[in-house]
There are 2 protein chains.
Amino acid sequence: MLLILRSAARVFCAKGYEGASMRDISRASGVALSSLYYYCRNKQGLLFQIQMTAFTEILARLAPRLAGADDPAQQLRALVRNHLEYSLEHPDEMKVLAHEADSLAGRERKAVAEIKRRYYRKAMEIFEALEAKKRVRPLDPRVAVLSLFGMMNWIHTWHRSGTDPGAEELGRAIATIFLDGVLENRLAARQTAARPARPVAAGERARRVPPMAAEAPARASS
Amino acid sequence: MLLILRSAARVFCAKGYEGASMRDISRASGVALSSLYYYCRNKQGLLFQIQMTAFTEILARLAPRLAGADDPAQQLRALVRNHLEYSLEHPDEMKVLAHEADSLAGRERKAVAEIKRRYYRKAMEIFEALEAKKRVRPLDPRVAVLSLFGMMNWIHTWHRSGTDPGAEELGRAIATIFLDGVLENRLAARQTAARPARPVAAGERARRVPPMAAEAPARASS
DNA sequence: TAGTTTGTAGAACGAACGTTCGATCGGGAA
DNA sequence: TTCCCGATCGAACGTTCGTTCTACAAACTA
């Protein structure tokens with residue numbers, strides 16, 4: 001079964017979800033076409049299990065690393081490092097995650113959206129803790145955090161494992177760009193107060209709580 | 001014909017290249033299925049024309065804006081602004097660009113890869129000019145520039161035109177994060193020399209010139 | 001031993017796919 | 001009028017798709 005999921009991830013990654021046929025997966029895994037349906041209800045079920053497993057694993061790995069770092073900046077570095085390590089360890093699954101986010105529908109789509117949202121919320125909380133502790137630029141926090149995810153999730157489009165830096169150096173670079181780009185660091189005064197750098201209209205922060213996506217409609221199926 | 005391309009972009013965006021059928025495009029454009037083949041050789045030809053047109057337009061818009069700004073930092077802001085404006089004006093085409101980068105094959109794939117590469121080189125040159133003028137962190141320039149593209153190209157996955165900021169504010173935020181994240185701005189001394197912040201082994205920069213991607217193999221077609 | 005479960009596989013289903021073919025239509029050229 | 005040519009279309013071709021059905025072999029249960 002693990003073999004099937006891994007083969008399916010490889011095929012989905014190489015040809016896209018719609019472009020990959022169950023016969024391709026059968027060939028890649030060495031399991032007969034009809035036998036695939038013993039392990040999953042659907043082609044969609046395969047994609048679902050791949051995505052769900054990946055997000056679950058990322059979150060599971062993240063938790064202890066966050067617990068080990070109490071400074072928000074360090075926590076953010078840990079999140080980036082964790083994301084990138086998984087990314088480079090499982091490039092196929094990661095590409096499927098980023099590429100085929102909209103290929104699911106119905107209940108399964110909802111489930112993946114929810115765990116993805118949990119992940120995003122965690123990053124957002126860290127960023128808010130950072131805002132509370134350090135002086136942060138007058139940026140929309142949603143834009144900032146999603147830009148960070150952008151840097152991380154774009155990597156699979158250009159990274160070549162032989163010649164490009166590994167997770168450690170990559171993570172250091174991206175986390176540094178983000179932190180120094182986001183922190184108000186022009187002069188000495190390191191503030192301890194939670195005061196945001198820009199006066200914020202009442203409710204402006206709260207209004208933006210439902211984030212990441214109001215869950216875009218699934219790709220039309222017909 | 002423009003109608004066909006626009007409809008095709010909308011359909012490709014909504015269902016993915018492989019998931020979209022020529023019949024879908026026929027329905028969306030109001031042009032009979034067989035008539036589509038009067039304007040393009042292939043389904044692939046449609047995707048090719050969409051991608052080529054988009055990149056050409058982005059580059060065409062970029063040139064005058066770069067000419068209007070001589071400071072590398074301002075040029076970089078112009079590039080970001082230009083990219084984001086096109087992104088929000090043509091979200092469908094942009095999603096197709098980011099999502100279906102690997103769906104082409106053969107000659108057409110090569111052509112798109114080359115113009116994309118031209119775009120990347122332009123960004124790289126600006127970054128190198130920045131390095132020559134300002135003090136820059138010891139970062140792999142390839143990683144830095146591609147992270148910037150990551151922030152920009154990820155936007156289409158989360159941006160909702162009604163509630164999220166427009167190109168101007170978005171561009172300002174992303175360019176600021178990038179510039180302040182990349183520039184060595186901790187203390188006063190603003191250097192004019194081209195000296196990189198970190199000693200660089202001879203040839204290290206030159207070795208990395210072939211960038212963005214050594215052109216990954218196309219998705220297997222069978 | 002007999003019966004049930006677990007895993008595998010071949011063959012086939014109807015539907016949808018990309019693409020081609022030949023016919024038709026309208027308007028400028030002779 | 002006659003001819004022609006760019007543009008459009010319905011119908012069909014052969015292929016491949018996701019999925020189901022049925023059968024069969026080994027392994028465990030009683």
Side-chain angles (χ1 to χ4, degrees), chain A residues 1-53 96 99-109 112 218-222, chain B residues 1-52 96 99-100 102-109 112 218-222:
Chain A
M1 177 52 174
L2 286 182
L3 168 75
I4 294 180
L5 281 186
R6 229 188 312 261
S7 304
R10 195 165 55 242
V11 175
F12 284 155
C13 168
K15 317 181 49 163
Y17 173 71
E18 299 281 357
S21 72
M22 293 297 275
R23 285 164 179 84
D24 290 328
I25 298 171
S26 159
R27 219 170 300 131
S29 63
V31 175
L33 175 60
S34 48
S35 297
L36 293 177
Y37 288 86
Y38 180 80
Y39 293 98
C40 66
R41 204 176 329 146
N42 262 346
K43 184 185 177 186
Q44 200 181 219
L46 280 179
L47 178 59
F48 173 70
Q49 288 196 60
I50 292 171
Q51 299 206 12
M52 213 56 185
T53 311
V96 171
H99 227 77
E100 244 62 61
D102 294 343
S103 298
L104 291 176
R107 204 171 43 254
E108 322 195 293
R109 182 189 177 80
V112 170
R219 274 181 181 171
S221 294
S222 69
Chain B
M1 178 52 174
L2 286 182
L3 168 75
I4 293 180
L5 281 185
R6 225 186 318 257
S7 305
R10 195 165 55 242
V11 175
F12 284 155
C13 168
K15 316 182 48 164
Y17 174 71
E18 299 282 357
S21 72
M22 293 297 275
R23 284 163 179 85
D24 290 329
I25 298 171
S26 160
R27 219 170 300 131
S29 62
V31 175
L33 174 60
S34 48
S35 297
L36 293 177
Y37 288 86
Y38 179 79
Y39 294 99
C40 66
R41 205 177 328 148
N42 262 347
K43 183 185 177 186
Q44 199 180 217
L46 280 179
L47 179 59
F48 173 70
Q49 290 197 57
I50 291 171
Q51 299 205 12
M52 213 56 184
V96 170
H99 227 76
E100 245 63 61
D102 295 341
S103 299
L104 290 176
R107 203 173 43 254
E108 321 194 295
R109 182 189 177 80
V112 170
R219 275 178 181 174
S221 293
S222 69

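Just so we're on the same page: letters track the sequence lines, and every chain starts at 1.
One interatomic measurement links the two molecules: OH of Tyr39(B) to C1' of dT20(C), which rounds to 18 Å at whole-angstrom precision. What separates CG of Asp24(A) from P of dC17(D) is a distance of 6 Å, to the nearest Å. Nucleotide dT8(C) holds its C1' atom 14 Å from the CG atom of Leu3(A), rounded to whole Å. The CD atom of Glu18(B) sits 11 Å away from the C1' atom of dC17(C) (whole-angstrom rounding). Rounded to whole angstrom, the span from the OH atom of Tyr38(A) across to the C1' atom of dT20(D) amounts to 17 Å. Nucleotide dA16(C) holds its C1' atom 17 Å from the CE atom of Met22(A), rounded to whole Å. Between the CE atom of Met1(A) and the P atom of dG7(C) there is a distance of 11 Å, rounded to whole Å. As a whole-Å value, the separation of Leu36(B) CG from dC17(C) C1' is 14 Å.
Residues Ile25(B) and Phe12(B) are in side-chain contact: their nearest non-hydrogen atoms beyond the backbone lie under 4.5 Å apart. Looking only at side-chain heavy atoms (C-beta outward), Glu108(B) and Gln51(B) stay at 4.5 Å or farther from each other. Within the 4.5 Å cutoff, side-chain heavy atoms of Asp102(B) are placed close to those of Arg109(B). Residues Glu18(A) and Lys15(B) have side chains not in contact (no heavy-atom distance under 4.5 Å, counting atoms from C-beta outward).
Under a 3.5 Å cut-off, the side chain of Ser35(B) and the backbone N or O of Val31(B) do not form any donor-acceptor pair. With His99(B) contributing its side chain and Cys13(B) its backbone, the two residues share no donor-acceptor pair below 3.5 Å.
OP1 and OP2 of dC21(C) both lie 4.0 Å or more from every side-chain N or O belonging to Tyr37(B). An OP1 or OP2 oxygen of dC9(D) is reached within less than 4.0 angstrom by a side-chain nitrogen or oxygen of Ser35(B).
Side-chain atoms of Arg23(A) lie closest to dC17(D) of the nucleotides dC17(D), dT19(C), dC9(D). Of all nucleotides listed (dA11(D), dT8(C), dT19(D)), dA11(D) comes nearest to the side chain of Ser34(B).
Mapping Leu33(A) and Leu33(B) onto DNA chain C by nearest heavy atom places Leu33(A) closer to the 5' end of the strand.
Both tests pass for Lys43(B) against the ring of Tyr17(B): distance under 6.0 Å to the centre and angle within 45° of the axis.
Of the residues Leu3(B), Leu5(B), Ile4(B), the one that meets the side chain to side chain contact (heavy atoms under 4.5 Å, CB included) test with Ser7(B) is Leu3(B).
Against DNA chain D, the stretch residues 40-51 of chain B makes no heavy-atom approach under 4.0 Å.
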(message) Under the criterion side chain to side chain contact (heavy atoms under 4.5 Å, CB included), I'd like the reasoning laid out for Arg27(B) against Val11(B): C-alpha separation, chi angles, the key distance, then a yes or no.
(response) CA-CA 10 Å; Arg27(B) 219 170 300 131; Val11(B) 175; over 6 Å; no
Taking Watson-Crick and G-U wobble contacts under 3.5 angstrom, with | marking pairs to another strand and [ ] crossing pairs, the secondary structure of DNA chain C is written ||.|||||||||||||||||||||||||..
